[in-house]
Amino acid sequence: NGTWYRAFLVTEYTDAAVDSGYVTDTYANFPNTLVVGPTTPAPPGGGGGSASARLINISTRAQVGTGGDILIAGFVIGGSGTETLLIRGDGPSLATFGVTGALAVPSMSVFDNTGKVISTNTGWGTNANPAAIVTAAASVGAFALPSGSADCALIATLPAGAYTVQISGVGSTTGVA
């Protein structure tokens with residue numbers, strides 16, 4: 001419907017020259033050059049952005065239902081190389097920020113443009129690289145996930161292309177993620 005992206009909150013910009021190489025977000029990451037337009041906000045103090053401005057953190061919050069009402073966010077990696085992204089699906093940790101009705105046990109899947117599952121996670125600490133997730137989150141100022149929490153997170157190195165991230169509740173549970 002063309003309006004899903006308006007729910008995203010841009011939380012941080014950086015200059016590509018000093019970027020640490022990681023980008024992060026609660027749901028999906030957009031590490032490409034920022035082009036300011038009618039639906040893309042300008043960097044703080046900016047007035048239009050520049051060729052070196054990069055969006056490194058973007059997030060949204062929504063009610064996760066079941067079936068066709070799960071949370072689905074899309075993103076595109078432009079160019080011809082790869083980007084390393086930290087992709088998160090937070091649920092229970094949102095309660096520490098006063099969010100009521102948080103999704104108790106989220107499950108996250110990343111799909112490519114053919115519908116192939118690229119990566120999945122349920123419980124970020126179950127990944128082979130939880131220390132890298134902690135480091136990546138800290139390097140861009142994302143809040144830390146509690147050890148042992150059911151929140152989802154993964155690091156993926158993806159080639160240019162279109163992707164979707166789907167967040168659902170384990171056992172068809174519902175809540176805010």
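All values below come from the heavy atoms of this structure, side chains included, with hydrogens, waters and symmetry mates left out. Residues take their numbers from the sequence shown, with the count starting at 1. Treat the numbers as computed from the prediction; the structure is a model and nothing was measured.
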Can you sort out the partners of Tyr163 under ring-ring contact (aromatic ring centres under 6.0 Å, His included), two or more places apart, ordered by chain and number?
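By the ring-ring contact (aromatic ring centres under 6.0 Å, His included) rule, Tyr163 matches Phe75.
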How far apart are the closest heavy atoms of [X] and [Y], and which atoms are they?
| X | Y | answer |
| --- | --- | --- |
| Pro106 | Pro92 | CD-CD, 3.8 Å |
| Ile87 | Met108 | O-CE, 3.3 Å |
| Gly125 | Pro130 | O-CG, 4.1 Å |

Check: [Y] main-chain N/O paired with [X] side-chain donor or acceptor under 3.5 Å:
| X | Y | answer |
| --- | --- | --- |
| Asn121 | Gly123 | yes |
| Asn127 | Ala153 | yes |
| Ser139 | Ala136 | yes |

Should Leu86 and Phe143 be counted in the same cluster of Ile, Leu, Val, Met, Phe, Trp and Tyr side chains packed under 4.5 Å apart?
yes
Say whether Ile118 and Ile77 are linked into one hydrophobic cluster, either directly or through other cluster members, by side-chain heavy-atom distances under 4.5 angstrom.
yes
Trp124 vs Asp90, side-chain contact (heavy atoms from CB on, under 4.5 Å): CA-CA, chis, key distance, verdict
CA-CA 9 Å; Trp124 74 275; Asp90 299 338; over 6 Å; no
Using a 3.5 Å cut-off and no angle test, enumerate the donor-acceptor pairs between side-chain atoms of residues 164-177 and protein atoms at least two apart in sequence or in another chain.
unit_1: Thr173; atom_1: OG1; unit_2: Val170; atom_2: O; d: 3.0

Without hydrogens or angle criteria, can the side chains of Thr120 and Ser109 be said to hold a donor-acceptor pair below 3.5 Å?
no
For residues 93-101, run the donor-acceptor check on the side chains, cut-off 3.5 Å, and write out each pair with its distance to 0.1 Å, sequence neighbours left out.
unit_1: Ser93; atom_1: OG; unit_2: Asp151; atom_2: OD1; d: 3.2
unit_1: Ser93; atom_1: OG; unit_2: Asp151; atom_2: OD2; d: 3.4
unit_1: Thr96; atom_1: OG1; unit_2: Ser93; atom_2: O; d: 2.7

